[in-house]
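I have placed the structure first, in the form of structure tokens, so that the comments after it can refer back to it.
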Amino acid sequence: MPRTSSCYGSSPSICARLKRSSRPGTLTPTSTSAPEGWPHDEQTYGLRQSQRDADTWRSFNRIRNGAKALVATAEVQLQALPQHSIHPHWAWQISCLNTALGRISTLQSEWLDLRTTAPAPARPGTGKYDGPLAERNAEAWHYLNEWALHGQAVLDIHTAVKHHRPGLTSIAPAPALPGQAAPPSQARR
């Protein structure tokens, strides 16, 4: 059965995009590396690594605001599935996603705090802005890679629920805390 893009309102291509940006080959092609894998040019390697980190952050940023709800829904759906239809690694993968999301959120909060307290000359295109941003992206890359590796579990759990318990696909996680509700989004045309 083909995957649809309607699952949770996000596109499965996000997982694919995250996976593409986290592949080792996207960082150092063999033409710029020695046979043992070390880069010939450290500066070019660093720039490519920084670009990979930024691309991975941008790919994840499309679902970052809804990621907590995705994980929470998958946790609830996982509990509703019959035991025989649960893959043993799903609970572990959801736990990894939850941990990674917590760290990504912390790094984003730290970045926003730093940006708020930065001196006036710290704006995009300057070292005082771009340096800390690149550091945030680099620190987040491992956790974003966790999403690339395990994010498919959210979709797989949803698919299993649709297959084994069609009436349960509308299970929602616990309601958000007061004051955290987001305004409804406008329909795109």
Side-chain angles (χ1 to χ4, degrees), residues 5 7-29 32 39 41-75 92-155 173-186 188:
S5 61
C7 181
Y8 300 105
S10 67
S11 169
S13 67
I14 292 171
C15 287
R17 198 174 296 126
L18 284 168
K19 286 178 184 176
R20 266 195 312 277
S21 61
S22 66
R23 276 185 278 181
T26 61
L27 186 55
T28 48
T32 60
D41 180 2
E42 289 291 329
Q43 184 176 8
T44 301
Y45 180 83
L47 291 172
R48 289 179 61 111
Q49 186 177 31
S50 181
Q51 185 63 49
R52 177 210 59 191
D53 297 345
D55 289 347
T56 306
W57 181 272
R58 274 190 296 278
S59 293
F60 183 74
N61 209 34
R62 294 182 59 193
I63 64 163
R64 185 174 53 84
N65 290 333
K68 187 173 186 172
L70 290 173
V71 171
T73 300
E75 287 173 333
W92 172 77
Q93 286 176 307
I94 295 301
S95 174
C96 286
L97 293 175
N98 224 350
T99 300
L101 184 59
R103 192 64 188 125
I104 290 167
S105 296
T106 300
L107 289 168
Q108 178 65 359
S109 292
E110 291 170 357
W111 160 245
L112 292 174
D113 290 345
L114 181 68
R115 209 174 73 180
T116 303
T117 60
R123 60 187 186 285
T126 65
K128 291 181 179 186
Y129 183 95
D130 293 344
L133 178 62
E135 286 178 31
R136 189 254 349 237
N137 293 343
E139 287 182 44
W141 187 84
H142 168 75
Y143 304 105
L144 297 169
N145 191 46
E146 290 288 300
W147 271 83
L149 294 172
H150 306 301
Q152 185 65 41
V154 171
L155 299 173
L177 297 173
Q180 291 188 349
S185 62
Q186 298 295 323
R188 287 188 175 177

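Across Arg64 and Asn61, no two heavy atoms sit closer than the pair NE-OD1, 2.7 Å. Here the shortest heavy-atom pairing between Leu114 and Pro132 reads CD2-CB, 3.2 Å.
The distance from atom CD of Glu146 to atom CH2 of Trp141, rounded to the nearest 0.5 Å, is 9.5 Å. Atom CZ of Arg58 sits about 12.0 Å away from atom CG of Leu144, to the nearest 0.5 Å. For the atom pair CG of Leu107 and CH2 of Trp57, the computed distance is 6.5 Å after rounding to the nearest 0.5 Å.
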Pairs of donor and acceptor atoms involving the side chains of residues 96-106, under 3.5 Å and at least two apart or interchain, shall be tabulated with distances.
unit_1 : atom_1 : unit_2 : atom_2 : d
Asn98  : ND2    : Glu75  : OE2    : 3.1
Thr99  : OG1    : Ser95  : O      : 3.1
Ser105 : OG     : Leu101 : O      : 3.0
Thr106 : OG1    : Gly102 : O      : 3.0

*Residue pair Gln51, Asp55: steps toward the side-chain hydrogen bond (donor to acceptor under 3.5 Å, both in side chains) verdict*: CA-CA 6 Å; Gln51 185 63 49; Asp55 289 347; 2.8 Å; yes
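In this structure the side chain of Lys68 never reaches within 4.5 angstrom of the side chain of Val71, judged on heavy atoms.
Sorted by first and then second residue, the side chain to side chain donor-acceptor pair (under 3.5 Å) pairs with a member in residues 117-139 read Gln108-Arg136; sequence neighbours excluded.
Every residue meeting the side chain to side chain contact (heavy atoms under 4.5 Å, CB included) condition with Ala134, not counting sequence neighbours, appears here in chain and number order: Ser50.
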